[in-house]
There are 2 protein chains.
Amino acid sequence: MADQTLCPVARAETVVGDRWTVLVLRELFARNHRFEEIQAQTGGTPQMITARLKKLEADGLLTRRVYNKRPLRHEYHLTEKGEAFFPVLMALRAWGEAWCKSPREGRAMNYTHLTCGKPAGLGPVCESCGKPVRREDMVGERTAKYQKERDARWDAFKASR
Amino acid sequence: MADQTLCPVARAETVVGDRWTVLVLRELFARNHRFEEIQAQTGGTPQMITARLKKLEADGLLTRRVYNKRPLRHEYHLTEKGEAFFPVLMALRAWGEAWCKSPREGRAMNYTHLTCGKPAGLGPVCESCGKPVRREDMVGERTAKYQKERDARWDAFKASR
DNA sequence: CTTGTTACTATGATTTTCATAGTAAAATAG
DNA sequence: CTATTTTACTATGAAAATCATAGTAACAAG
């Protein structure tokens with residue numbers, strides 16, 4: 001865990017400073033827990049995904065859970081440390097929505113703040129009620145366009161074998 | 001700008017999904033605007049830094065500003081898009097402080113929330129007054145230990161030439 | 001007993017990164 | 001006025017990571 005610096009950003013980046021790693025985490029937060037789904041939705045090669053899952057496990061962000069013996073199959077689940085990464089992903093999402101898109105492309109996800117029952121928006125606090133949002137107080141829903149995109153990716157993945 | 005996906009996280013990662021890029025941004029937020037300082041504090045090789053600065057400029061997160069003609073010298077400054085990345089960096093910092101350190105190592109930075117005059121803490125909202133923190137409402141101060149670390153890195157960099 | 005499913009591993013070409021060294025264009029020092 | 005220093009890079013070649021593609025292993029279903 002220890003790097004050679006006190007800087008928390010540098011520390012964090014040795015763990016999550018990699019595109020594939022972040023995309024894998026995105027899938028885990030989206031409750032896709034299996035290798036195949038993660039591979040299909042991130043578009044990574046098997047060894048990219050294998051390597052990131054191993055490293056994330058070694059770094060304590062996820063655990064393997066057996067869901068089938070014979071043949072032995074695992075699901076990947078976030079630990080507390082992994083779950084704690086949520087605010088970073090939300091901040092990244094907000095920045096991506098605001099600065100990496102043309103307006104007409106539209107959102108990928110919409111979150112509802114369960115505490116107040118209204119849209120949570122992009123910020124660290126709910127745009128409707130102003131309270132800080134926690135993951136467990138929100139439900140995310142994919143927009144139709146984004147859901148379609150994901151379905152298409154899954155189909156394409158399945159077709160290529 | 002357009003990738004092949006609507007996902008803002010994936011979009012963002014094509015821009016900032018890289019250790020060096022994030023460390024360069026950290027230095028720019030720390031108001032280190034020159035090549036040498038950035039190189040020294042990130043520990044990158046010249047071409048790592050050159051490449052990231054070029055890409056960040058191409059992606060619209062920073063601009064070059066001439067501070068000396070003859071010889072031509074530039075400073076690198078964040079654009080609005082670059083400045084908007086601040087919440088991500090803060091979220092990453094919070095996660096790094098909370099999960100990538102042993103408690104006895106201590107903080108690297110402490111921020112004071114100018115609006116209320118008290119410590120801002122790690123969260124997206126001020127731990128003292130509860131309001132969302134913006135960059136312009138905060139002053140960060142390096143802890144003595146972290147400042148010393150940075151001074152040492154600078155000295156070592158300077159000594160190696 | 002062949003086909004399908006899931007989760008990988010193997011391979012070789014390409015690309016990126018790293019460490020080290022060197023260049024260029026002045027400013028400053030002797 | 002020559003020699004050193006400063007700042008910002010570029011060049012080079014070895015080492016490591018990544019990519020596309022293909023293949024394997026272990027079982028389940030028909």
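Below, chain A is the first sequence line, B the second, and so on; all start at residue 1. Values reported hereafter were calculated over all heavy atoms of this structure, with side chains retained and with hydrogens, waters and symmetry mates removed.
- For the contact set between residues 36-55 of chain A and DNA chain C, defined by any heavy atom under 4.0 Å, the members are A/Glu36, A/Pro46, A/Gln47, A/Thr50.
- Nearer the 5' end of DNA chain D, as judged by each residue's closest nucleotide, is the contact made by B/Tyr76, out of A/Trp20 and B/Tyr76.
- Atom CZ of B/Arg64 and atom P of D/dT7 are 17 Å apart (whole Å).
- Taking 4.5 Å as the limit, some side-chain heavy atom of B/Cys116 sits within range of a side-chain heavy atom of B/Cys126.
- If you measure from atom NZ of A/Lys158 to atom C1' of C/dA7, you get 11 Å, rounded to the nearest angstrom.
- Counting only heavy atoms from C-beta outward, the side chains of B/Arg73 and B/Phe35 never approach each other to under 4.5 Å.
- Counted within 6.0 Å of CD on A/Glu80, heavy atoms from surrounding residues, nucleotides or ligands total 12 or fewer; the atom is thus considered open.
- For A/Arg52 and A/Glu27, the salt-bridge test fails: no basic side-chain N is under 4.0 Å from an acidic carboxylate O.
- Following rounding to the nearest Å, B/Arg19 (CZ) and C/dT17 (C1') show an atom-to-atom distance of 12 Å.
- In the displayed structure, A/Lys55 atom NZ is contacted under 6.0 Å by more than 12 heavy atoms of other residues, nucleotides or ligands.
- Closest approach to the A/Arg34 side chain among C/dA7, C/dT17, D/dC9 is made by C/dA7 (side chain taken as heavy atoms from C-beta onward).
- Taking 4.5 Å as the limit, every side-chain heavy atom of A/Phe86 sits out of range of all side-chain heavy atoms of A/Arg134.
- Ring geometry, A/Phe85 versus B/Trp95: the interplanar angle exceeds 60°, so the pair is classed perpendicular (tilted spans 30 to 60°).
- For the pair A/Asp18 CG and C/dT16 P, the interatomic distance rounds to 15 Å; values are reported in whole Å.
- Remark: A/Glu149 engages A/Arg153 in a salt bridge, criterion side-chain N to carboxylate O under 4.0 Å.
- Around atom CD of A/Glu141, no more than 12 heavy atoms belonging to other residues, nucleotides or ligands sit under 6.0 Å away.
- Rounded to an integer number of Å, the gap from B/Glu75 CD to D/dC9 C1' is 16 Å.
- Comparing the axis of the opening five pairs of the helix from C/dC1-D/dG30 to C/dG30-D/dC1 with that of the closing five pairs yields an angle of 0°, rounded to 10°.
- Regarding B/His74, its NE2 atom lies at a distance of 8 Å from the P atom of D/dC9, rounded to whole Å.
- As a whole-Å value, the separation of B/Leu23 CG from C/dT17 C1' is 15 Å.
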What protein N or O atoms touch nucleotides 24-29 of chain C N or O atoms at under 3.5 angstrom, if any, and at what distances?
residue, atom, partner, partner atom, Å
C/dA26, OP1, B/Arg70, NH2, 3.4

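- For A/Arg93 and A/Tyr111, the positive end is not near the middle of the six-membered ring at less than 6.0 Å and at most 45° from its axis.
- By the 4.0 Å N-to-carboxylate-O rule, B/Lys158 lies close enough to B/Glu36 to be salt-bridged with it.
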